Chemist: 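Structure incoming, see below.
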Amino acid sequence: TNPQPQKINDLDAEINLREKCLVRFVTLPKEQQEGRGNRIGFSLPAEDVEFLDNNSFLWEAIVQQSNWVIIKDHPVPEGYNVSSVDIALLIPPGYPAAEIDMAYFYPPLQKNSGRPIGAISTQQIDDKAFQRWSRHRQPGEWRPGVDDISTHMLLVNNWLVNDLKK
């Protein structure tokens with residue numbers, strides 16, 4: 001099956017947590033503002049635009065040898081050298097059937113603990129030296145029609161949290 005997010009408006013709604021399923025609860029502010037930056041160089045699927053706008057992200061879609069979505073001023077968990085970063089996502093040809101892979105951070109992240117972050121390198125994007133985190137799904141894990149920027153950002157946020165534990 002392809003689970004889809006379900007909106008719950010009734011505060012008294014019952015949710016069966018005994019079902020074998022992936023459960024994530026997301027709260028959104030009642031009001032959002034238009035999040036698009038000045039540069040929209042290519043079109044994204046409507047679901048991606050809706051996700052980015054509804055989460056109050058300031059974002060841009062730029063073309064610089066490849067298509068990039070840059071999410072501005074995204075908060076990072078406490079434990080890194082900065083409290084927020086710009087996150088760049090490389091949007092491959094054939095997306096959304098083709099998967100988004102990795103994430104790129106500016107400014108580069110360091111752990112306050114001094115422990116290293118593995119599998120990183122530098123990538124020039126938008127005239128800045130972004131830090132590339134080489135993190136990948138297993139072959140076949142990208143689910144066209146289900147996975148998109150919203151599900152990739154869930155992974156990115158998990159990477160940030162989990163790397164602090166290493």
Side-chain angles (χ1 to χ4, degrees), residues 1-8 21-29 31-77 80 82 84-109 117-164:
T1 65
N2 289 331
Q4 296 296 318
Q6 295 180 3
K7 186 175 183 177
I8 300 172
C21 63
L22 176 63
V23 177
R24 288 191 177 103
F25 293 95
V26 178
T27 59
L28 299 175
E31 296 180 23
Q32 294 85 35
Q33 55 188 342
E34 187 73 23
R36 287 172 229 167
N38 295 328
R39 299 178 299 168
I40 304 297
F42 65 95
S43 296
L44 287 167
E47 296 82 9
D48 287 331
V49 172
E50 183 178 337
F51 166 75
L52 292 164
D53 286 348
N54 285 344
N55 283 284
S56 299
F57 293 130
L58 177 61
W59 61 278
E60 298 178 313
I62 65 171
V63 179
Q64 290 190 346
Q65 298 173 334
S66 299
N67 290 344
W68 296 93
V69 168
I70 300 178
I71 299 171
K72 304 283 189 169
D73 201 30
H74 189 280
V76 296
Y80 288 100
V82 295
S84 66
V85 291
D86 291 352
I87 299 177
L89 303 176
L90 176 60
I91 307 300
Y95 175 80
E99 73 180 76
I100 301 172
D101 193 28
M102 300 189 281
Y104 304 75
F105 301 98
Y106 181 84
L109 293 170
I117 300 169
I120 58 172
S121 61
T122 302
Q123 172 82 37
Q124 284 295 122
I125 306 167
D126 202 24
D127 296 325
K128 297 176 185 167
F130 277 71
Q131 181 186 61
R132 181 181 81 180
W133 282 35
S134 183
R135 309 288 188 273
H136 314 281
R137 289 178 181 82
Q138 294 299 316
E141 284 186 348
W142 179 265
R143 301 161 300 169
V146 175
D147 288 314
D148 56 15
I149 289 176
S150 69
T151 59
H152 191 70
M153 286 303 295
L154 289 172
L155 286 177
V156 171
N157 288 324
N158 283 337
W159 299 339
L160 291 168
V161 169
N162 290 333
D163 209 270
L164 287 171

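Since the structure is predicted, the reported quantities are computational estimates derived from the model, not experimental observations.
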Chemist: Does Asp126 offer a backbone N or O that forms a donor-acceptor pair with the side chain of Tyr106 under 3.5 Å?
Modeler: no
Chemist: CD of Glu60 to CG of Asp86: how many Å apart, nearest 0.5 Å?
Modeler: 8.5 Å
Chemist: Is there a donor-acceptor contact under 3.5 Å from the side chain of Arg137 to the main chain of Ile100?
Modeler: yes
Chemist: Is the shortest heavy-atom distance from the side chain of Arg132 to the side chain of Tyr104 under 4.5 Å?
Modeler: yes
Chemist: Judged by atom type as modelled, is there a donor-acceptor pair below 3.5 Å linking the side chain of Trp59 to the main-chain atoms of Val49?
Modeler: no
Chemist: Side chains of residues 68-77: which donor-acceptor partners sit under 3.5 Å, not counting sequence neighbours?
Modeler:
from  : atom 1 : to    : atom 2 : distance (Å)
Asp73 : OD1    : Ser84 : OG     : 2.5

Chemist: Could you tell me the separation between the CG atom of Asp48 and the OG atom of Ser43, rounded to the nearest 0.5 Å?
Modeler: 11.5 Å
Chemist: Quick one: closest heavy-atom pair of Trp142 and Asp147, and the distance?
Modeler: CZ2-O, 3.4 Å
Chemist: If you look at every heavy atom in Ile62 and Phe42, which pair is closest and at what distance?
Modeler: O-CE2, 3.4 Å
Chemist: Specify the closest pair of heavy atoms between Leu89 and Ile149, including all atoms of both residues, with the distance to one decimal.
Modeler: CD1-CG2, 4.0 Å
Chemist: Near Gln65 CD, under 6.0 Å, is it more than 12 heavy atoms from other residues, nucleotides or ligands?
Modeler: no
Chemist: Quick check: closest heavy atoms across Phe130 and Ile125, and the distance to 0.1 Å?
Modeler: CE1-O, 3.4 Å
Chemist: Looking only at heavy atoms, which two atoms of Arg135 and Ala119 are closest? And how far apart?
Modeler: NH1-O, 3.5 Å
Chemist: Could you tell me the separation between the CD atom of Gln131 and the CD1 atom of Ile117, rounded to the nearest 0.5 Å?
Modeler: 5.0 Å
Chemist: So, for Val82 and Pro107, which heavy atoms are closest and what is the spacing to 0.1 Å?
Modeler: CG1-CG, 4.0 Å
Chemist: First locate atom CD of Glu47, then atom CG of Leu52, and finally report the distance between them rounded to the nearest 0.5 Å.
Modeler: 11.5 Å
Chemist: Do the non-hydrogen side-chain atoms of Leu160 and Trp133 ever get within less than 4.5 Å of each other?
Modeler: yes
Chemist: Measure from the side-chain N and O atoms of Asn55 to the backbone N and O of Phe51, and report whether any donor-acceptor pair falls under 3.5 Å.
Modeler: yes
